[in-house]
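Read the structure below first, then the notes.
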Amino acid sequence: MSKQRVSELYDLSNEIITYLQEDEFLKNDTKSLDIMYNTMKNLKERRFVISIIAAMKAGKSTTFNALLGRDILPNENAACTAAVTEIKHSKESIDVVKKIYKDGRIEEITATRTHTLEENFHQDVRNVRRNNEIDKIEKYYLETPILAIETSEYGDLVQNFILVDTPGPNEAKVNDFDVAELQKIALERLRHSDALIVVFDYQNYKSDTNATILKSIFENRNDLENDKDKVYFLVNKIDTMTSKDGT
């Protein structure tokens with residue numbers, strides 16, 4: 001989509017809002033007005049949000065880090081998603097991860113003399129899970145260049161590009177704490193994303209957990225029935241395929 005097309009869509013959205021406001025029958029349709037205002041906001045800010053979801057150990061963090069071009073997200077055998085993590089594309093790296101609490105508090109995670117930003121962030125994620133603080137955190141937030149955008153033909157167009165890391169549905173089965181609130185927040189993020197990437201592990205992509213992922217997505221995104229192009233499936237660990245696999 002060209003910048004000219006974005007401008008045309010912005011003007012068209014503005015015309016639709018004017019029509020909705022002036023029409024006697026439609027002017028009370030606040031839901032449609034909210035959608036159009038949100039559309040204009042996204043077009044003006046060139047905002048595009050992609051959420052990534054996967055079952056635990058499917059390789060989501062590895063995939064996410066590959067898109068970023070740096071190992072920001074923890075990549076461990078154990079569950080390592082402690083909160084929703086938003087990463088916004090920027091021209092320059094701002095090496096601070098903001099830990100945003102639901103009560104409004106913000107803590108900054110930075111590099112230290114002995115540890116990198118990534119190491120301190122990974123340790124903080126471990127501590128949050130170990131201390132059962134998941135329900136207190138709204139999200140982690142970081143601004144850094146995203147390699148996938150920098151090398152894309154749409155790099156100049158999408159100036160407000162955000163990748164969102166969300167927990168998989170089987171995160172709750174790990175350790176002795178309930179992450180129902182984390183799941184709730186994750187589904188809310190999925191609901192407001194422009195596109196979704198679902199990462200499957202090739203070795204068990206037909207699992208019940210993946211079926212649960214798809215069910216939760218489509219139950220929370222009615223629009224996807226008519227717009228399935230917003231969902232992308234990435235089959236990871238394809239190198240494990242053997243000649244015996246057939247399909």
Side-chain angles (χ1 to χ4, degrees), residues 48-87 89 122 125 129 134 139-140 146-149 151-152 154 158 161-175 178-247:
F48 197 84
V49 179
I50 294 182
S51 290
I52 303 180
I53 187 169
M56 194 181 72
K57 297 183 181 180
K60 179 185 60 172
S61 295
T62 302
T63 301
F64 205 107
N65 288 334
L67 293 172
L68 294 175
R70 61 185 294 190
D71 292 333
I72 288 291
L73 295 186
N75 184 5
E76 302 173 349
N77 289 329
C80 50
T81 303
V84 167
T85 301
E86 286 187 8
I87 299 184
H89 175 61
H122 297 180
V125 171
R129 294 190 71 94
I134 289 176
K139 65 182 179 182
Y140 289 103
I146 296 176
L147 181 64
I149 287 298
T151 56
S152 166
Y154 296 99
V158 185
F161 182 86
I162 299 173
L163 279 175
V164 181
D165 178 35
T166 61
N170 57 342
E171 292 275 344
K173 298 178 182 178
V174 180
N175 293 336
D178 180 12
V179 291
E181 183 65 20
L182 180 59
Q183 299 293 331
K184 179 181 176 181
I185 293 173
L187 289 174
E188 186 69 18
R189 296 307 168 103
L190 292 177
R191 190 175 296 122
H192 296 289
S193 298
D194 297 288
L196 309 175
I197 296 178
V198 185
V199 181
F200 288 158
D201 182 341
Y202 172 77
Q203 300 171 95
N204 56 14
Y205 67 92
K206 294 182 180 180
S207 68
D208 291 341
T209 300
N210 287 334
T212 300
I213 290 176
L214 296 178
K215 181 180 179 182
S216 64
I217 288 174
F218 282 92
E219 284 180 347
N220 284 271
R221 292 291 301 266
N222 295 329
D223 60 303
L224 296 179
E225 283 297 327
N226 299 316
D227 200 356
K228 293 184 175 65
D229 287 345
K230 292 181 179 179
V231 183
Y232 298 85
F233 298 98
L234 191 154
V235 182
N236 197 21
K237 305 181 185 179
I238 196 71
D239 55 309
T240 62
M241 183 176 66
T242 69
S243 58
K244 296 180 180 179
D245 288 332
T247 58

Find out whether [X] and [Y] are in side-chain contact, i.e. whether some heavy atom of one side chain is under 4.5 Å from a heavy atom of the other.
| X | Y | result |
| --- | --- | --- |
| V125 | Y140 | yes |
| Y202 | D239 | no |
| I53 | V198 | yes |

Roughly how far apart are [X] [atom1] and [Y] [atom2], rounded to 0.5 Å?
| X | Y | atom1 | atom2 | answer |
| --- | --- | --- | --- | --- |
| K60 | N65 | NZ | CG | 11.0 Å |
| S61 | D71 | OG | CG | 10.0 Å |
| K139 | T166 | NZ | OG1 | 14.0 Å |
| T63 | I197 | OG1 | CD1 | 8.5 Å |
| D201 | L234 | CG | CG | 11.5 Å |
| Y232 | I52 | OH | CD1 | 13.0 Å |

Distance-minimising heavy-atom pair for E86 and V164: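 Looking at all heavy atoms of both residues, the shortest contact is CG-CG2, 4.0 Å.
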Looking only at heavy atoms, what is the nearest atom pair of G59 and K237, with distance?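 Between these two residues, the closest heavy atoms are N-CE, 4.5 Å.
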Can you list everything that forms a side-chain contact (heavy atoms from CB on, under 4.5 Å) with K230? Sequence neighbours excluded, please.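 Scan of K230 (side-chain contact (heavy atoms from CB on, under 4.5 Å), adjacent residues dropped) gives R221, D223, L224, D227.
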Applying ring pair (Phe, Tyr, Trp, His ring centres under 6.0 Å), name anything that partners F233, two or more places apart in sequence or on another chain.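 For F233 the ring pair (Phe, Tyr, Trp, His ring centres under 6.0 Å) partners, ignoring immediate neighbours, are F200.
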Which residue in the set L68, L67, D165 passes side-chain contact (heavy atoms from CB on, under 4.5 Å) when paired with I87?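 That would be L68; it is the only one of L68, L67, D165 passing the side-chain contact (heavy atoms from CB on, under 4.5 Å) with I87.
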Identified side-chain contact (heavy atoms from CB on, under 4.5 Å) counterpart of F48 within the set L163, I162, D194, I149: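 It is D194; the other options fail the test.
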Closer than 3.5 angstrom, by distance alone: can the side chain of H89 be matched with the main-chain N or O of F161 as a donor-acceptor pair?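 Checking the backbone N and O of F161 against the side chain of H89, no donor-acceptor pair under 3.5 Å is found.
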